[in-house]
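Here the structure is laid out as structure tokens; the discussion comes afterwards.
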2 protein chains.
Amino acid sequence: MKWQNLGETPCSIARSLAIVGDRWTILILRNAFLRTRRFDDFQQQLSITRHLLASRLAKLVKLGVLAKVPYQEKPPRYEYLLTEMGRDWYSVQLALVAWGDKWLAGTEGPPVEYVHRNCGKKFTPTVSCSECGETINPREITPIANRMRLPSDISLTVDAKTK
Amino acid sequence: MKWQNLGETPCSIARSLAIVGDRWTILILRNAFLRTRRFDDFQQQLSITRHLLASRLAKLVKLGVLAKVPYQEKPPRYEYLLTEMGRDWYSVQLALVAWGDKWLAGTEGPPVEYVHRNCGKKFTPTVSCSECGETINPREITPIANRMRLPSDISLTVDAKTK
DNA sequence: TTTGATAAGTTCTATTTTGGAACTTACTAT
DNA sequence: ATAGTAAGTTCCAAAATAGAACTTATCAAA
């Protein structure tokens, strides 16, 4: 599989990875959500090379995740703002944070906590069913292939024994 | 920033990326959730080089995401099974699928749909608040740094104008 | 009017990572 | 004896990345 083709395969994971499938891109988006907008700020905060940053930002703009917006004309200067598509990435970021908090935080607890202002409480981001609201358990999900060919043919179960 | 250090920074996103921050690893986990367990099956399904597959599997085993379990003794053969930590990754995967379905599926609709057997319906994975159950909107979240230094100092707002 | 600073990149070379293919080891089956 | 299977390892060429310096455009200060 070549990375150029990845975005064209009938799999939403593969397609997403074609955009955000490298570590720098995800860190750039993390900082965008923390209100970083300018080239040099990203560069200094992340210690990313300028070359890579330029190419990642250009890609995110091309694909519609960020918008490059002028903030002054003389000399021309731009900032990178999250689009609606970019803002929607927040769900994935929160899910990633929740996983890291649970499995990688060690004894010190999570590096960042989140308050949901609507209810005023610190919370754990939870992936739930849009229809019944229940928290998702992988064992209770059946994937149905529309156009993607699944490696095996059937439903997802996680701990099944070798036949 | 060097990748070796990424796992040690006080940020759950960075730490998670130290494990799953490359595209192959995420595709390996995708297929693991579709019941693939053996080296050659992963290799053929993904068209990944054997060398990379071996190194990615070893890393996932070392970090506790997969378990390498013998399934026969003569000759010794192993399969790679998701651990609890690995199964928990499913939340992130679903969030990623939901994002890809929404923004990258085009007119054909999602390549795979998911049924929540508990309620019997096709659903969209939704990230919600563990405390009040509401769907999360990034504008309603305030991150609180415990040990991570935030680039700016304050709360997250996505579309604020340049000052 | 030279010097310095700032922002947003681009260019250059060295190093690291990845891709592709063949090879190895330890069995089993014909 | 030959072929097949599973799980890797080895080798080399090609691609991506890191690190540092350089460029362009403008403003501000000395």
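Residue numbers start from 1 in every chain, and the chains themselves are labelled A, B, ... in the order their sequence lines are given, proteins ahead of strands. All figures in this text were calculated on a predicted structure; none of them were measured in a lab.
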Sugar-phosphate only, base, or nothing, as touched by A/R23 at under 4.0 Å among non-hydrogen atoms: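 Since no nucleic acid heavy atom lies under 4.0 Å of A/R23, the category is nothing.
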Taking side chain as C-beta onward, heavy atoms only, is A/K68 less than 4.5 Å from A/Y80?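 A/K68 vs A/Y80: side chains touch.
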Closer to the 5' end of DNA chain D via nearest nucleotide, is it A/D22 or B/P75?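 Looking at DNA chain D, the more 5' nearest nucleotide goes with B/P75.
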If only side-chain N and O atoms count, and only distance matters, is there a donor-acceptor pair under 3.5 Å linking B/Q72 with B/R77?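 Note: B/R77 and B/Q72 side chains miss the donor-acceptor criterion.
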Nearest-nucleotide pick for A/R77, side chain only, options being C/dA7, D/dA18, D/dC27: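 Looking only at heavy atoms from C-beta outward on A/R77, the closest nucleotide is C/dA7.
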Name the closest nucleotide to the B/T49 side chain, picking from C/dG20, D/dT26, D/dT17.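 The answer is C/dG20, which lies nearest to the side chain.
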Should the pair B/R139 and A/Y90 be classed as cation-pi, given the thresholds of under 6.0 Å to the six-membered ring centre and 45° from the axis?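 The answer is no, since B/R139 fails at least one limit relative to A/Y90.
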Could you tell me how far apart [X] ([atom1]) and [N] ([atom2]) are, to the nearest whole angstrom?
X: A/Q44; N: C/dA8; atom1: CD; atom2: P; value: 10 Å
X: B/L52; N: D/dA16; atom1: CG; atom2: P; value: 14 Å
X: A/K74; N: C/dT6; atom1: NZ; atom2: C1'; value: 17 Å
X: B/Y71; N: C/dT28; atom1: OH; atom2: P; value: 13 Å
X: A/I48; N: D/dA16; atom1: CD1; atom2: C1'; value: 13 Å
X: A/I28; N: C/dA8; atom1: CD1; atom2: P; value: 14 Å
X: A/L53; N: D/dT17; atom1: CG; atom2: P; value: 13 Å
X: B/E73; N: C/dT28; atom1: CD; atom2: P; value: 12 Å

Ion pair check, A/E140 and B/R117, cut-off under 4.0 Å: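 No, no charged N to carboxylate O under 4.0 Å.
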Short N-O contact, A/D22 and B/R23, less than 4.0 angstrom: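 Answer for the salt bridge query: no.
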Between the protein and nucleotides 9-15 of chain C, list the N/O to N/O atom pairs that are separated by less than 3.5 angstrom.
from  : atom 1 : to    : atom 2 : distance (Å)
C/dG9 : OP1    : A/K68 : NZ     : 3.0
C/dG9 : OP2    : A/Y80 : OH     : 2.5
C/dG9 : N7     : A/R50 : NE     : 2.7
C/dG9 : N7     : A/R50 : NH2    : 2.9
C/dG9 : O6     : A/R50 : NE     : 3.1

Look at the side-chain heavy atoms of Ile, Leu, Val, Met, Phe, Trp and Tyr, link any pair under 4.5 Å apart, and say whether B/V115 and B/V112 land in one connected group.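 Different clusters: B/V115 never reaches B/V112 through Ile, Leu, Val, Met, Phe, Trp or Tyr contacts under 4.5 Å.
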For D/dA18, take OP1 and OP2 only and decide whether either is under 4.0 Å from a side-chain N or O of A/W24.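 Yes.
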Go through the structure and list residues passing side-chain contact (heavy atoms from CB on, under 4.5 Å) with B/S12, not counting sequence neighbours.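 Here the qualifying residues are A/V97, A/D101, A/P111.
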